[in-house]
Structures are given as C-alpha cells and as structure tokens.
Participant: 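Here it is: the structure, laid out below.
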Amino acid sequence: MKPILLSAFIPALASAATSGQFTALTFNVAGLPEILQSNDVNGTKTENAQEIGTYFSEYGYDIIHLQEDFNYHAYIYETDDHAYRTATSGGAAIGSGLNTISNSDWIDFTRVKWNKCSDASGSDCLTPKGFTFMRWNPADGVFIDFYNVHADAGTEADDEAARNSNLQQVADYIDTWSTGNAVVVMGDTNSRYTRADDTGVRVFKSQNNLADPWVDLEKNGVYPTAGADALMCDNPSSVETCEIVDKILYRGSDIVTLGAESFAYVGDKFTNTNPDYLGDVLSDHDPILVNFTWSLSSSVRQSQFSGGPHGTWFSDLPSLPSSPVASVVTFRGAERLDSVAVKLADGTEFAHGGTGGSEVSLTLGPGEYWTKTELCTGQYDSHTRNFYIKATTSAGNTLEAGTATDSCTTFTADDGFAVVGFVGQTGDEIDQLALIYAAY
Ligand SMILES: *[C@@H]1O[C@H](CO)[C@@H](O)[C@H](O)[C@H]1NC(C)=O
Ligand SMILES: *[C@@H]1O[C@H](CO)[C@@H](O)[C@H](O)[C@H]1NC(C)=O
C-alpha cells in the first residue's frame with residue numbers, strides 16, 4: 001500500500017508564522033595559540049574547543065557569536081552540528097576570530113576591520129580584529145541585522161581611545177546599513193559601564209537606541225554610573241547582577257518587535273568533562289545567553305530580498321506615513337531594472353535607483369492594491385542585480401520593466417496587505433530589493 005503523504009493534509013495556503021522565539025549566545029572561546037596565551041584555562045585548547053562544539057550541538061542555541069575563534073576553530077566545527085556557519089577568516093595574525101553559527105540562514109555577510117587598534121597593552125594590532133554584519137532571516141519576511149564585535153582590549157589611554165573608536169565605528173555602521181531595521185549587537189566589547197573611560201559602550205543606547213537586557217532585567221533598567229565600583233563577576237558567575245565585558249544589545253523595528261525574555265551567564269553549562277579537569281571552565285570568558293521573542297506588526301510587513309548586496313542601503317520604513325496607500329507606481333528599465341518608485345495617496349513619494357532605461361507608470365484605481373511582485377535577477381560586472389520587475393494589482397492590472405531572466409521569484413503580500421514602499425540596496429540600478437507592505 002502506498003503511504004499517504006502527510007503533506008496532503010496541510011492546507012495549501014497555511015499562512016507564515018507571525019511570531020516566534022530564538023536563543024542567542026555570545027562566547028569568547030579563548031582560541032589564541034596556547035603558546036601566546038594560556039587564558040589561565042586548564043586542559044588543552046584542542047580538547048576544550050571540541051568540548052565547546054559538543055555543547056553547541058547539545059544545546060542547539062539558534063544563533064551563536066564566537067570571538068577569539070582563532071587557532072582551534074576546526075575543533076569547534078568538528079563537534080558542532082549547526083546547519084549554518086561562517087567560514088573562518090583564519091588563525092591569529094590573519095583572521096578576526098569572529099564567527100557565527102546558527103539554525104537559520106542569513107544574507108549579506110560582511111567582515112569589517114577596525115579603523116584603529118592599540119598595542120599599548122596586549123597585542124591588539126597583531127591580528128585584523130573588527131566586527132561582522134549579517135541580515136539574519138529566522139522566518140519569511142523577518143530580518144534582524146546581527147553584529148558580532150571584538151573591540152580593542154586594555155586600559156591604557158591608547159587602548160581606551162582605540163576601543164571607543166571601535167564601538168563608535170559599529171554605531172555609525174548601524175546608522176548607515178541598518179536604517180529602519182531590527183538590530184542585535186553581541187560580542188566582546190572589552191567595556192564595562194562602570195569603567196569611567198569606556199564611554200564607547202554607551203553609544204549603542206544614545207546613538208542607535210539599543211536596549212541592554214542585562215540592564216533591563218538584572219539592574220531594574222538603571223545603567224551603572226561611569227566610574228562606580230566595578231561589579232566584578234566570578235567565572236562562571238552564579239549571579240547575574242555583576243558585569244562582564246561581553247554584551248548582548250538589541251532593538252526591534254516597525255516590522256519586527258523584539259523582546260528579551262531572559263538574561264543569563266551560562267558558563268556553568270560549558271564546563272570541562274575531562275576527568276583531569278572536571279568542572280573547570282573552558283574559556284576565561286563567561287558566555288551570555290539571552291532568550292528573545294519576535295513578533296510581526298499587524299500593520300507593516302516586508303518580503304524577502306531579491307538581488308545582491310551591492311550599492312547603498314536604503315529603507316522607506318522610517319518615512320512611511322500612517323495608513324499608507326499606493327496611488328501611482330513607476331518603474332524604469334531596459335536590459336536591467338533601473339529604478340522603482342511609488343507615490344502614496346497622501347503625496348509621499350519613494351523613488352530608488354537611476355535614470356537609465358525607459359519609464360512606465362500605472363495609476364491605481366480606488367480600492368485597487370499592488371499585491372503581487374515578480375523580480376528576476378542576473379549577473380552584471382560579476383555582481384547580482386535585479387533585471388526585471390512585474391507588479392500585479394488586485395484588479396489584475398500589471399506593470400513591468402527590465403528584462404526577465406531564468407532566475408525569478410514571485411512575492412505575494414499577506415491577505416489584507418499591499419506594497420507601499422521599498423527596502424534594499426541601490427546605485428544607479430536596483431541591486432537588491434524587498435517590498436514593504438502595509439495593511440489596508
Ligand atoms: C585549574 O586547575 C587547578 C588545580 O585543580 C584549580 O585549582 C584551578 O581552579 C583550575 N583553574 C580553572 C580556571 O579552572
Ligand atoms: C532559554 O532557552 C533555553 C533553550 O530553549 C532554555 O533551556 C532555557 O531554560 C531558557 N531560559 C529561560 C530563563 O527561560
């Protein structure tokens with residue numbers, strides 16, 4: 001007898017998830033070569049790295065940021081079984097030691113080197129440290145920009161200047177590349193709020209409006225005063241009220257609300273199982289675990305992205321009026337897609353891309369909504385761009401521009417939603433594009 005396929009019983013139009021949760025861990029894994037730095041940890045670094053990877057598999061946290069993942073990287077990946085993992089940028093002196101492992105895929109992964117380093121204490125300039133960036137995609141239409149950071153160490157004046165510059169560099173990058181987006185920064189900032197000269201770590205609150213779950217959940221929402229008595233932690237720490245230099249910071253967006261449900265130092269879940277070092281820590285840093293929830297807005301959503309991460313980031317989200325309705329859609333295209341534009345009923349206009357190609361336009365009738373979009377991509381100058389767009393309205397009217405390829409995706413708005421703007425990356429053409437939908 002033929003087995004009955006379970007999928008036959010799943011409704012064909014099951015709507016995508018509108019809320020969920022994920023666990024986020026940040027862990028400096030002390031992976032500098034043993035001869036340079038023992039990190040005062042017992043056991044061999046090779047075996048400790050294998051143990052760390054085994055724990056990652058066992059706990060299955062949804063996204064993990066690693067710092068100092070240098071010379072024992074292969075041993076962590078040998079025993080870890082996460083489905084999505086960054087390729088190492090190399091051992092000490094070559095790489096940044098930053099890697100991400102995850103249960104969900106991402107787009108636009110980028111490694112950025114610090115503009116400034118200091119050897120005043122330690123050897124921060126020995127290896128090209130910096131930060132990484134990715135748009136993490138845990139569900140359809142859900143993007144969270146994740147930053148993994150390892151800032152300059154030490155407390156000499158030059159170290160402080162380099163570290164504050166590093167963190168300012170990340171804050172400025174967030175302003176440019178994460179406009180309108182949910183953001184999580186997690187990594188080793190080498191900063192404490194209590195250390196008077198560590199002004200840099202506060203920039204994420206003042207400039208980017210990121211919240212700190214440690215402050216909100218463990219310090220009653222009160223940031224420690226600069227220069228106050230240091231709240232030093234044991235490693236592992238059995239309390240959460242003390243402060244370490246590793247941080248997890250976040251904000252939601254108008255599309256995705258993020259909530260930090262819990263904050264914990266979890267070094268006690270990463271101890272040595274080798275009988276010679278039973279119960280000893282595997283790193284000189286205590287990892288942090290934050291359990292997050294996410295939920296999609298009932299008024300604004302977005303599609304997945306089409307195209308490649310070239311050109312400059314833009315988002316219409318911050319400029320969207322309330323209850324937006326599209327009235328005129330305009331495209332330019334020829335061989336490829338040159339520009340996309342939409343005029344809203346209240347007069348707001350969004351236009352992106354260049355002036356090449358020829359212009360086509362569609363005026364929507366009363367009660368007519370742009371609900372379906374086909375986008376096709378191709379290669380130009382070895383970069384992926386959008387070559388074609390076709391908009392279809394609720395009344396069955398269409399508008400197209402550019403040249404279709406054999407690599408196309410159709411994006412359909414959720415029931416009761418329609419396209420009112422865009423988010424993506426452009427130069428004089430449309431490199432990368434996603435649709436912003438609003439409820440009507
Ligand atoms: C290393 O082992 C020694 C001897 O057992 C112990 O006293 C010390 O606490 C251990 N260090 C760490 C960091 O676990
Ligand atoms: C956070 O999530 C992990 C993994 O699901 C779970 O084991 C842990 O109990 C959660 N922590 C809290 C405080 O809810």
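We count ligands from 1, going down the list as the structure has it; atoms in each ligand are counted the same way.
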Participant: Show me which atoms of ligand 2 lie under 4.0 Å from any heavy atom of Ser262.
Facilitator: 11 (N), 12 (C), 13 (C)
Participant: Give every pair made of an N or O atom of ligand 1 and a protein N or O atom lying under 3.5 Å apart, one pair per line with both atom names and the distance to 0.1 Å, or write 'none'.
Facilitator:
from	atom 1	to	atom 2	distance (Å)
ligand 1	2 (O)	Asn42	ND2	2.2
ligand 1	11 (N)	Asn42	ND2	3.0

Participant: May I ask you to say whether Asp212 pairs ionically with Lys205, meaning some side-chain N is under 4.0 Å from a carboxylate O?
Facilitator: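 Not counted as a salt bridge, because no side-chain N and carboxylate O are separated by less than 4.0 Å.
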Participant: Determine, step by step, whether Asp284 and Asp40 satisfy the side chain to side chain contact (heavy atoms under 4.5 Å, CB included) criterion, reporting the C-alpha distance in whole Å, the side-chain angles of both residues, the deciding distance to 0.1 Å, and the verdict.
Facilitator: CA-CA 7 Å; Asp284 56 350; Asp40 294 323; 5.8 Å; no
Participant: Angle class for the Phe350/His352 ring planes (parallel below 30°, perpendicular above 60°, tilted otherwise)?
Facilitator: parallel
Participant: With side chain to side chain contact (heavy atoms under 4.5 Å, CB included) as the test, pick out the partner of Phe422 among Ile430, Leu317, Ile436, Val340.
Facilitator: Val340
Participant: Just say parallel, tilted or perpendicular for the rings of Phe305 and Trp313, cut-offs at 30° and 60°.
Facilitator: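 Judged by the thresholds at 30° and 60°, the geometry between Phe305 and Trp313 is tilted.
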Participant: Run the side chain to side chain contact (heavy atoms under 4.5 Å, CB included) check on Asp246 and Tyr265 step by step: do they pass?
Facilitator: CA-CA 10 Å; Asp246 306 84; Tyr265 296 130; over 6 Å; no
Participant: Below 4.0 angstrom from a heavy atom of Asn291, which ligand 2 atoms are there? Numbered from 1 as shown, please.
Facilitator: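 What qualifies from ligand 2 is 1 (C), 2 (O), 3 (C), 8 (C), 10 (C), 11 (N), 12 (C), 14 (O).
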Participant: Ring centres under 6.0 Å, that's the criterion: do Tyr437 and Phe411 meet it?
Facilitator: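 For Tyr437 and Phe411, the ring centres are not under 6.0 Å apart.
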